[in-house]
Amino acid sequence: MKDHLPCATFALLCGLTLCGAAHSLEVSGYLGSEARFFSEQELDPRQHSAGLSLSAQPEFYHAWDDGYQSLSFIPFLRLDQRDARRTHFDIRELTWLKSEQDWELRVGIRKVFWGVTESQHLVDIINQTDLVENLDGEDKLGQPMLNLALIRDWGTVDLFFLPGFRERSFPGVEGRLRSPPPVQTDRVSYSSAAGQKHLDFALRWSHTMGDWDMGLSHFYGTSRDPVLRLSLNDPSNPVLQPHYDIIHQTGLDIQATKGSWLLKLEAIRRQGQGDTFVAMTTGFEYTFFGLQDSATDLGIVVEYLYDDRHDAAPVPFENDLLLGVRLALNDVQSTDALLGVIQDLDSSARFFSIEASRRLGSRWKLNLEARFISSIPASDVQFGLRQDDHLQLELLRYF
């Protein structure tokens with residue numbers, strides 16, 4: 001909390017200023033409650049088989065100058081029953097935007113998303129992963145930045161200046177979905193003497209040409225993916241120590257829309273974090289629209305995940321295949337579901353995932369997630385999660 005105090009104070013001042021113009025202030029967001037249930041015995045006696053948490057994410061937006069300038073503020077708070085590290089506050093966004101016909105300038109704290117594939121987002125490197133929120137890596141911490149977008153007929157060029165590195169969040173000793181030796185975040189190290197103060201840079205060109213959406217990016221700075229090094233607090237208490245390297249990463253993302261087909265590719269080349277390596281995710285999604293003359297759409301998702309570090313890769317998916325089914329009922333309640341399994345092509349390991357959601361009335365929404373790991377070998381980086389199969393229910397109230 002203390003690391004966010006200056007930003008939170010500034011945010012409060014901005015909020016009070018906006019309240020002075022309440023007639024043009026847009027307020028939205030949600031309050032949530034979440035329950036997690038684990039089906040197997042925990043590996044560490046300090047962990048628990050179930051837990052509850054509460055969350056809140058209000059959103060404040062104010063525009064002026066005929067819409068050419070705006071200020072947005074999105075704080076996030078979670079209170080967790082079990083894991084002290086999962087109880088956390090973050091500013092997801094606090095951004096001033098100035099826009100003109102052929103350029104846009106954004107200054108403040110933001111979340112930026114790059115990527116097109118379903119299973120993982122290799123090119124998405126601007127924001128740090130908020131790992132205590134979810135295992136899938138979709139939740140991100142707000143990143144301080146200055147972003148200038150130059151809008152041209154031949155594409156949009158985004159320039160990013162990124163001061164203030166954000167360290168990855170990790171579950172604590174009482175939390176589930178963590179490695180058996182817990183990560184000790186207060187023993188972090190950096191390859192750069194500047195540490196968290198290293199100034200990172202990124203550049204991205206994006207363009208749409210007919211059915212094709214393309215993005216080409218380059219990032220230079222502190223890697224968002226830490227290397228976890230085994231260390232000892234004492235001879236009987238091993239821990240993992242995060243280490244952050246300075247890297248260069250070039251990324252390419254492409255999506256083609258061809259009728260019922262979506263063709264997807266994400267590929268990266270990274271140097272500076274051990275040997276230079278290449279990784280990619282590619283595949284397709286085919287949708288059957290109006291299944292049996294109904295409003296229901298059924299999508300088939302197939303993706304291949306590759307990392308040329310193979311078994312030496314510190315990631316779970318280096319030669320894997322995703323098979324998934326996406327169901328959208330297109331009803332008044334916006335009911336949808338995504339079921340998928342990732343099969344390791346070098347072993348019998350399988351990772352099952354279920355995600356579903358449904359609106360309840362006009363302001364409520366119920367989300368369901370389930371994750372299961374099967375036949376995981378001891379050499380797999382996910383071996384520490386072998387007994388963390390779980391079901392998660394979340395009820396949100398929007399305002």
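Given the structure is predicted, the values throughout are model-derived calculations rather than measurements. Side chains are part of it too, since the values below use all heavy atoms of this structure and drop only hydrogens, waters and symmetry mates.
- For the pair R309 and F277, the cation-pi test (distance below 6.0 Å, angle within 45°) is passed.
- Here the side chains of S353 and F351 are in contact, with some heavy-atom distance below 4.5 Å.
- Applying the side chain to side chain donor-acceptor pair (under 3.5 Å) criterion to T95, with sequence neighbours excluded, gives no partner residue.
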- side-chain contact (heavy atoms from CB on, under 4.5 Å) between E167 and R224, intermediate numbers included: CA-CA 8 Å; E167 296 175 6; R224 274 50 180 161; over 6 Å; no

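- Here the CD-CD distance, from E369 to E34, works out to 8.0 Å after rounding to the nearest 0.5 Å.
- A distance of 13.5 Å separates CZ in R178 from CG in L135, rounded to the nearest 0.5 Å.
- The local environment of NZ in K197 is sparse, with at most 12 non-hydrogen atoms from other residues, nucleotides or ligands closer than 6.0 Å.
- No side-chain donor-acceptor contact under 3.5 Å links D388 and H390.
- Taking the six-membered ring for Trp and thresholds of 30 and 60 degrees, F288 and Y286 have ring planes more than 60 degrees apart, a perpendicular arrangement.
- The closest donor-acceptor contact from the side chain of Q343 to the backbone of S347 lies under 3.5 Å.
- Cation-pi geometry between R176 and F38 is met: the NZ or CZ atom falls under 6.0 Å from the ring centre, inside 45° of the normal.
- Ring-plane geometry between Y190 and Y244 is classed as parallel, the angle between the planes falling under 30 degrees on a 0 to 90 degree scale with a further cut at 60.
- Not a single donor-acceptor pair under 3.5 Å links the side chain of N319 to the backbone N or O of L305.
- Put simply, the side chain of Q57 never gets that close to the backbone of F76: no donor and acceptor are under 3.5 Å apart.
- Between the side chains of S357 and D336, at least one donor-acceptor pair of N or O atoms lies under 3.5 Å.
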- Task: Report the C-alpha separation of K140 and D130 in whole Å, then their side-chain angles, then the decisive distance to 0.1 Å, and conclude whether the salt bridge (charged side-chain N to carboxylate O under 4.0 Å, His left out) test is met.
- Result: CA-CA 5 Å; K140 301 291 183 176; D130 193 359; over 6 Å; no

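- Side-chain contact check for Q392 and R36: at least one donor-acceptor pair (N or O, by modelled atom type) lies under 3.5 Å.
- No chain of hydrophobic side-chain contacts below 4.5 Å, direct or via other Ile, Leu, Val, Met, Phe, Trp or Tyr residues, connects L43 to F372.
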- Message: Does L240 form a side-chain contact (heavy atoms from CB on, under 4.5 Å) with S231? I'd like the steps, not just the answer.
- Response: CA-CA 6 Å; L240 294 175; S231 181; over 6 Å; no

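- Remark: aromatic rings of W261 and F284 are close, center separation under 6.0 Å.
- Taken together through direct or relayed side-chain contacts under 4.5 Å among Ile, Leu, Val, Met, Phe, Trp and Tyr, I74 and F113 form parts of separate hydrophobic clusters.
- A salt bridge links R46 to D44: at least one charged side-chain nitrogen sits closer than 4.0 Å to a carboxylate oxygen.
- For the ring pair (Phe, Tyr, Trp, His ring centres under 6.0 Å) test, residues two or more places apart in sequence or in another chain that qualify with H218 are H248.
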- Derivation and outcome, side-chain contact (heavy atoms from CB on, under 4.5 Å), residues R204 and D253: CA-CA 11 Å; R204 185 172 190 259; D253 58 277; 2.9 Å; yes

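- Hydrophobic cluster membership is shared by Y304 and F352, with clusters built from Ile, Leu, Val, Met, Phe, Trp and Tyr side chains linked at under 4.5 angstrom.
- Under the 3.5 Å distance criterion, the side-chain polar atoms of T250 are left unmatched by any main-chain donor or acceptor of R269.
- Grouping the Ile, Leu, Val, Met, Phe, Trp and Tyr side chains by contacts below 4.5 angstrom, directly or via other members, places L162 apart from L105.
- Two residues are said to be in side-chain contact when any heavy atoms from C-beta on lie closer than 4.5 Å; R110 and F160 meet this criterion.
- Residue I254 is grouped with residue L203 when hydrophobic side chains (ILVMFWY) are merged at heavy-atom distances under 4.5 angstrom, including chains of intermediate members.
- Within 6.0 Å of atom CG in D186, more than 12 heavy atoms from other residues, nucleotides or ligands are found, so the atom counts as buried in its surroundings.
- By the 4.5 Å heavy-atom criterion applied to side chains, Q387 and E42 are not counted as neighbours.
- The main-chain N or O of I373 is found under 3.5 Å from a side-chain atom of D389 such that the two form a donor-acceptor pair.
- Taking a 6.0 Å sphere around CZ of F289, one finds it holds more than 12 heavy atoms contributed by other residues, nucleotides or ligands.
- Contacts of F317 classified as ring pair (Phe, Tyr, Trp, His ring centres under 6.0 Å), with partners at least two apart in sequence or in another chain: none.
- The aromatic rings of Y220 and F201 lie parallel to each other, their planes meeting at an angle below 30°, with 60° marking the opposite boundary.
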